[in-house]
Amino acid sequence: MDRIRLQGGRRLDGRIAIGGAKNAALPLMATSLLTEQAVVLTNAPALADVATMGNLLAQHGLKVEHDTTTRQILLDGAATQFEAPYDLVRKMRASILVLGPLLARFGQARVSLPGGCAIGTRPVDLHLKGLEQMGAVIDLEAGYINAHVPKGENGGRLKGARIIFPQVSVGATENLLMAATLAEGTTQLINAAREPEITDLVKCLVSMGAKIEGEGSDRLTVHGVDSLHGTTHAILPDRIEAGTFACAGAITGGELLLEGMTLELFGACTRSLREAGVEMLQEEDGVRCRRLNGLHGVDVMTEPFPGFATDMQAQFMALMAVADGASMITETIFENRFMHVPELTRMGARINAHGSSAIVRGVAKLSGAPVMATDLRASVSLIIAALAAEGETIVNRVYHLDRGYERIEEKLAAVGADIERMPG
Ligand SMILES: CC(=O)N[C@H]1[C@@H](OP(=O)(O)OP(=O)(O)OC[C@H]2O[C@@H](n3ccc(=O)[nH]c3=O)[C@H](O)[C@@H]2O)O[C@H](CO)[C@@H](O)[C@@H]1O
Ligand SMILES: C=C(OP(=O)(O)O)C(=O)O
């Protein structure tokens, strides 16, 4: 298994090209199940999760071509097979996003239950309840979701419904939004997630002929249409990759231009980074991040967009580990998203986690160590800490990183980090 070796203490300076967003690419790829025409996605990142989604769609019978040089994904044809097997779903929870489109277009789907993961139990009850409200019949059997739309008066077609989410869910909003585009009648999604990746999905669906109102708000109204057509859509920049590099630059006292990024995509992360002492400026070709003087302890609480993103919590904690003063970090989205705390502590950080909050007391120096992480953002928080640590850090289980960061070692090395991948 590959590992990453990093020698801390180098200042990062320069430009980093921000790739297309993983969390936009995955639902956008699933839209190809809604039409038999070609969906072409440009600015596609070469990530393990994108490859997994490609394999899943190929197994449903679609033609899938990902040209990593032109950064283009072509998805073409109609699904001929309606099962998402455990072996693919266990690799990537976002596989659940095929459920809504398959039901909407073919009236049937069998999808493995994703199960929990390192950061929490992550149930899919909101996805299933919403689809049931739209007329699907769902039962759970042997670890699988078996779903179909009865061929009653609607001829096996989902019907519009008024769905009120009791809690904000990105994935449930995406699944039901896609399902509603081909349903009979109007669907209202109330208390919908407002993440930029959802707005990107709305834009893509509209370009395929869907009728959607309320873009960017927590109330989406979808007027179902009989069919959708193909499209070409550019995936928006990855705000989490950009935020990760902003923390990486800041912890080294450096200055980075995050090419292609815009400040508004950061939501509340901009304010928190500024309060911590990082200048964030919108420039024509991206966002410039520059550490002004020292880093200051800042309290943050994760929230749905535009609040502080849970996917940035671990990286911000690494930054706070070397800030002046204390910082209280509260995680409200996932119940077990402090798996990086013991590893950061092994590198010399002073962090006390209790329940959903962690108190970070900044230290003057971290020290390199062999570390291991259990999830994507936890892994990258260790890389950020290692950039500022004295000595060498070896990060194990690099496959977590490859799910969401494209060639992270090359991008960091190009702006001055002493980092390399050690094939294993
Ligand atoms: C591929 C993708 O886009 N992943 C993102 C997506 O995950 P994902 O879509 O899985 O996250 P959700 O927004 O659905 O989850 C938010 C909370 O709602 C709970 N919940 C969700 C669905 C449900 O049916 N029942 C339920 O209880 C979850 O357990 C969690 O506690 O949004 C998360 C929150 O911003 C991000 O951390 C993930 O990076
Ligand atoms: C939690 C994440 O992803 P996923 O929902 O795919 O597990 C993430 O991107 O940080």
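Start at 1 and go down the list; that is how both ligands and their atoms are numbered.
Side chains of E335 and S356: a donor-acceptor N/O pair is absent below 3.5 angstrom, by distance only. Checked by atom type, the side-chain pair H223/E213 shows a donor-acceptor distance below 3.5 Å. Between the side chains of T231 and S207, at least one donor-acceptor pair of N or O atoms lies under 3.5 Å. With hydrogens and angles left out, the side-chain atoms of T262 and Q282 include no donor and acceptor closer than 3.5 Å. In this model, a donor atom of one side chain and an acceptor atom of the other lie less than 3.5 Å apart for T244 and Q315. Judged by distance alone, the side chains of H127 and N175 do bring a donor and an acceptor atom under 3.5 Å apart.
For atom 8 (P) of ligand 1, the closest non-hydrogen atom on the protein side is R122 NH2, 3.7 Å. In terms of protein heavy-atom proximity, atom 14 (O) of ligand 1 is nearest to S169 OG, 2.6 Å. The nearest heavy-atom contact from the protein to atom 10 (O) of ligand 2 is R377 NE, 2.8 Å. Of the protein's non-hydrogen atoms, P123 O, 3.0 Å is the one closest to atom 23 (C) of ligand 1. In terms of protein heavy-atom proximity, atom 1 (C) of ligand 2 is closest to R337 NH2, 3.3 Å. Looking at atom 24 (O) of ligand 1, its nearest protein heavy atom turns out to be L126 N, 2.7 Å. Scanning the protein heavy atoms around atom 9 (O) of ligand 1, the nearest turns out to be G171 N, 2.8 Å. Distance from atom 5 (C) of ligand 1 to its nearest protein heavy atom, with residue and atom name: N23 ND2, 3.5 Å. Protein heavy atom closest to atom 13 (O) of ligand 1, with residue, atom name and distance, is V170 N, 2.7 Å. Counting only heavy atoms of the protein, atom 34 (C) of ligand 1 lies nearest to T310 CG2, 3.8 Å. Protein heavy atom at the shortest distance from atom 4 (P) of ligand 2 is R403 NH2, 3.3 Å.
Checked by distance only, ligand 1 and D125 come closer than 3.5 Å through their nitrogen or oxygen atoms. An N or O contact shorter than 3.5 Å is missing between L26 and ligand 1 by distance.
Atoms of ligand 1 lying under 4.0 Å from at least one heavy atom of V124, given by number and element, are 23 (C), 24 (O). Within ligand 1, the atoms closer than 4.0 Å to a non-hydrogen atom of H127 are 24 (O), numbered from 1 in the order shown. Near L376, with a cut-off below 4.0 Å to any heavy atom, the atoms of ligand 2 are 8 (C), 9 (O).
Side chain of S217 to backbone of R219: a donor-acceptor contact under 3.5 angstrom is found. A donor-acceptor pair is defined here as one N or O able to donate and one able to accept, closer than 3.5 Å; such a pair exists between the side chain of Q313 and the backbone of R337.
Minimum heavy-atom separation, T374 to A118: O-CB, 3.6 Å.
In this structure, R93 falls outside the shell of residues with a heavy atom less than 4.0 angstrom from ligand 1.
Of the candidates R122, M312, M92, K22, it is R122 that places a heavy atom closest to atom 5 (O) of ligand 2. With N175, D311, I240, I333 as candidates, the residue nearest to atom 16 (C) of ligand 1 on a non-hydrogen basis is I333.
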Check against side-chain contact (heavy atoms from CB on, under 4.5 Å), Y86 and V89: CA-CA 5 Å; Y86 175 69; V89 178; 5.7 Å; no

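The proximity of E335 to ligand 1, defined as any non-hydrogen pair under 4.0 Å, does not occur for either the backbone or the side chain. Residue R337 touches ligand 1 through its side chain alone, judged by heavy-atom distances below 4.0 Å. With a 4.0 Å cut-off on non-hydrogen atoms, I119 touches ligand 2 through its side chain and not its backbone.
Annotation: cation-pi geometry not satisfied between R194 and F305 (NZ/CZ under 6.0 angstrom from ring centroid, within 45° of ring axis).
Between R239 and E197, at least one side-chain N (NZ, or NE/NH1/NH2) sits under 4.0 Å from a carboxylate O, which counts as a salt bridge.
In this structure, the ring of F316 has its center less than 6.0 angstrom from the ring center of F308.
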